[in-house]
Amino acid sequence: MAKPAVLLIGGLDPQGCAGIAADIATVQHHDCHPLPLITAMTEQSSAGLTALGAVNTNKLMAQYRNCKADFDIQAIKVGLIPDLIIAEKVKQILLDNPGIPVVMDPVLASSSGGKTVADGVRQYIRDELLQHLTLLTPNLPELSLLTDNLEDVEQATTILSQKGLQACLVKGGHADSEFATDFFISEQVRFYCYQTKYASDVRGTGCVLASAIASHLASGQDMRDAVVLAKTYVSRGIRQAQTVGSYRLIKHSHEPWALEDIPRLCYQKTLIGQQFNFPSCPSRLGIYPVVDNAEWVQKLVDIGIETIQLRVKDRDEKTTSQQIKQAVEYLGHKPVNFFVNDHWQIAIEQGAYGVHLGQEDLHDANLKQIVDAGLRLGISTHSYWELARALAVNPSYIALGPIFETTSKQMPFSPQGVERLKQWVTMLDGNYPIVAIGGINYERARLLKPTGVGSVAMITAITLADDYQKTTRDLLALWQ
Ligand SMILES: Cc1ncc(COP(=O)(O)OP(=O)(O)O)c(N)n1
Ligand SMILES: Cc1ncsc1CCOP(=O)(O)O
Ligand SMILES: [Mg+2]
């Protein structure tokens with residue numbers, strides 16, 4: 001398959017640290033093809049930006065037309081716009097590419113200070129370009145410049161949304177905390193991404209972040225995943241930053257991430273940095289049937305199952321409670337890891353071993369109450385941004401699914417596949433047990449064993465098996 005082409009519109013830093021040079025390196029490391037369109041030549045050094053020379057617009061547009069003629073542009077990243085004449089050309093290019101994701105890093109306030117873009121550019125971005133962007137990634141001073149010095153991030157981003165901006169990622173959105181926190185807002189969702197603060201002396205991080213997001217969007221990733229993946233890339237790059245000349249620069253690499261590289265995600269400001277301490281569960285939870293009544297729990301535990309989940313859906317409160325109670329009473333002191341799906345309050349009341357919650361369930365659940373009651377917590381994930389959300393909660397285990405196509409539940413996620421499972425097992429190894437779920441039967445469990453995953457969960461492979469006893473025994477023997 002052809003590499004997705006990403007059009008990069010921005011300025012040239014002849015020192016190769018920021019702007020188009022950083023964009024090219026990033027896009028290439030994301031297996032996309034960069035199409036660099038230079039808007040301005042800059043003169044800059046560690047002392048700051050001293051000159052800004054806009055290019056000839058006829059040349060710029062001729063170069064753009066050549067790119068358009070030979071490549072199928074899949075995303076656009078916009079950086080430095082030196083003056084209004086170039087700004088108008090950028091608008092023309094955006095209008096020429098309707099439906100293509102556009103990420104703009106508004107280079108208005110650089111940390112090194114010095115010369116800035118021409119008067120009027122800021123207003124042009126706000127009044128003429130915002131409505132054509134998929135995502136704007138300002139830092140706090142840039143957000144303030146774009147909103148006539150509004151200090152409140154949520155208020156400022158709301159104003160930009162009213163101007164037609166689809167989504168905004170404010171970098172360092174809550175600078176006063178002990179964490180580096182970004183704030184993401186779109187019509188559909190708003191969330192905070194936070195991490196322990198990392199070195200702030202690394203150059204070109206804003207360009208790398210925006211072009212990494214553009215590359216992920218060009219490759220068809222969901223916006224939330226694009227943001228989380230790009231932030232992870234930047235964090236790893238900063239953690240491994242290299243000294244080059246007078247600078248510290250991001251290391252572009254394909255090395256595996258460390259767990260601390262992944263941002264933590266939450267939906268409320270008050271939850272930033274809130275830590276939970278759920279009890280641990282075995283690192284290998286083994287064969288993990290998910291069943292819908294207490295009889296199944298008894299039948300499967302009798303065969304030797306040691307981890308099981310009761311997932312009662314669409315039953316009234318009384319029946320649900322009775323089913324959970326019946327299962328707990330049967331299990332008594334048996335060494336079985338008994339998880340209850342969704343109904344965390346009943347699980348606490350009945351003294352279950354743990355609770356399994358999906359991402360939506362997390363909104364309503366009182367996690368502190370679950371921790372205080374001493375129950376373990378498993379969380380579902382189907383994407384990187386859901387992983388970022390799960391990590392913020394610090395659960396007892398993390399489930400990834402659907403690994404394969406499943407008929408048991410309709411969901412908007414495509415199969416994650418064996419390779420992603422392997423990547424997650426390596427990344428989370430020793431920190432969080434992983435449970436694989438979705439379309440897993442005996443043959444597929446055999447396929448998953450080499451990934452090192454400690455547990456495989458299944459519904460239909462057992463509950464719809466012709467001979468559930470044989471199937472369960474075979475699975476248990478396989479997972480020995
Ligand atoms: C082990 C395990 N993994 C994932 C799920 C799915 O849970 P959730 O996302 O809450 O969806 P429902 O099961 O409630 O439909 C699970 N139950 N168990
Ligand atoms: C609840 C759930 N969450 C992710 S996949 C899945 C269903 C798993 O069922 P099956 O094992 O029959 O595919
Ligand atoms: Mg659920």
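Ligands are counted one by one from 1 in listed order, and the atoms in each one are counted from 1 as well. Positions are given from 1, in the same order as the sequence printed here.
- For the 3.5 Å distance criterion, the side chains of Gln350 and Glu329 fail to qualify, holding no donor opposite an acceptor.
- The residue from Leu478, Ile462, Val456, Leu447 that alone fulfils the side chain to side chain contact (heavy atoms under 4.5 Å, CB included) condition with Tyr442 is Leu478.
- Counting non-hydrogen atoms of neighbouring residues, nucleotides and ligands closer than 6.0 angstrom, the CD atom of Glu306 reaches no more than 12 such neighbours.
- Of the protein's non-hydrogen atoms, the one nearest atom 2 (C) of ligand 2 is Ile437 CD1, 3.9 Å.
- Against a heavy-atom cut-off of under 4.0 Å, Met458 is close to the following atoms of ligand 2: 11 (O).
- The distance criterion of under 3.5 Å between nitrogen or oxygen atoms is met by Ile459 with respect to ligand 2.
- Excluding waters, the protein N/O/S atoms found under 2.8 Å from the Mg ion (ligand 3) are Asp342 OD1, Asp361 OD2.
- Using cut-offs of 30° and 60° for the angle between ring planes, the Tyr384 and Trp257 rings count as perpendicular.
- The closest approach between Gly401 and ligand 2 stays at or above 4.0 Å for every heavy atom of the residue.
- Distance alone, capped at 3.5 Å, places no donor-acceptor pair between the Lys470 side chain and the Ala465 backbone.
- Ser396 and Cys281 get closest at one heavy-atom pair: O-SG, 3.6 Å.
- Residue Ala461 places every heavy atom at 4.0 Å or more from ligand 2.
- Between Asp342 and ligand 1, at least one pair of N/O atoms sits closer than 3.5 Å.
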Kindly determine whether Glu154 and Arg190 satisfy side-chain contact (heavy atoms from CB on, under 4.5 Å), including the steps that lead there. CA-CA 10 Å; Glu154 289 170 42; Arg190 50 167 67 199; 3.2 Å; yes

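- Not a single N or O atom of Gly438, backbone or side chain, sits closer than 3.5 Å to an N or O atom of ligand 2.
- The single protein non-hydrogen atom nearest to atom 8 (P) of ligand 1 is Ser380 OG, 3.4 Å, given as residue, atom name and distance.
- Taking the six-membered ring where tryptophan is involved, the planes of His216 and His30 are perpendicular, since the angle between them exceeds 60° and thus also 30°.
- Around atom CG of Asp372, more than 12 heavy atoms belonging to other residues, nucleotides or ligands sit under 6.0 Å away.
- The distance from ligand 2 to the heavy atoms of Gly439 drops below 4.0 Å at these ligand atoms: 10 (P), 11 (O), 13 (O).
- Against a heavy-atom cut-off of under 4.0 Å, Asp361 is close to the following atoms of ligand 1: 10 (O).
- Under a cutoff of 6.0 Å and an axis angle of 45°, Arg376 and Tyr353 form a cation-pi pair.
- The protein heavy-atom contact nearest to atom 2 (C) of ligand 1 is His356 CE1, 3.3 Å.
- At a 3.5 angstrom cut-off on N or O pairs, Thr406 counts as close to ligand 2.
- The protein atom (non-hydrogen) at minimum distance from atom 10 (P) of ligand 2 is Ser408 OG, 3.4 Å.
- The aromatic rings of Phe184 and Phe191 sit parallel to each other, their planes meeting at less than 30°, with 60° as the upper class boundary.
- Comparing Lys409, His382, Gln410, Gln309 by heavy-atom distance to atom 15 (O) of ligand 1, the nearest is Lys409.
- Atom NZ of Lys422 has 12 or fewer neighbouring heavy atoms from other residues, nucleotides or ligands inside a 6.0 Å radius.
- Using a 4.0 Å cut-off between heavy atoms, Tyr288 contacts ligand 1 through its side chain alone, with no backbone atom that close.
- A side chain to side chain contact (heavy atoms under 4.5 Å, CB included) with Ile238 is found for one member of Val208, Thr205, Asp261 and no other, namely Thr205.
- Every atom of ligand 1 with a heavy atom of Lys313 under 4.0 Å away is listed here by number and element: 12 (P), 14 (O), 15 (O).
- Within the 3.5 Å criterion, the main-chain N or O of Glu386 finds a donor-acceptor partner in the side chain of Gln359.
- Counting atoms of ligand 1 from 1 in the listed order, those under 4.0 Å from a heavy atom of Arg311 are 12 (P), 13 (O), 15 (O).
- No N or O atom of Ile437 sits closer than 3.5 Å to an N or O atom of ligand 1.
- Annotation: Thr460 places an N or O atom under 3.5 Å from an N or O atom of ligand 2; distance criterion only.
- Atoms of ligand 2 lying under 4.0 Å from any heavy atom of Met411, numbered from 1 in the order shown and given with element: 3 (N), 4 (C), 5 (S).
- Residues Trp344 and Ala365 come closest through the heavy atom pair NE1-CA, 3.6 Å.
- Here the options are Phe179, Phe183, Tyr267, the test is ring pair (Phe, Tyr, Trp, His ring centres under 6.0 Å), and the partner is Tyr192; only Phe183 passes.
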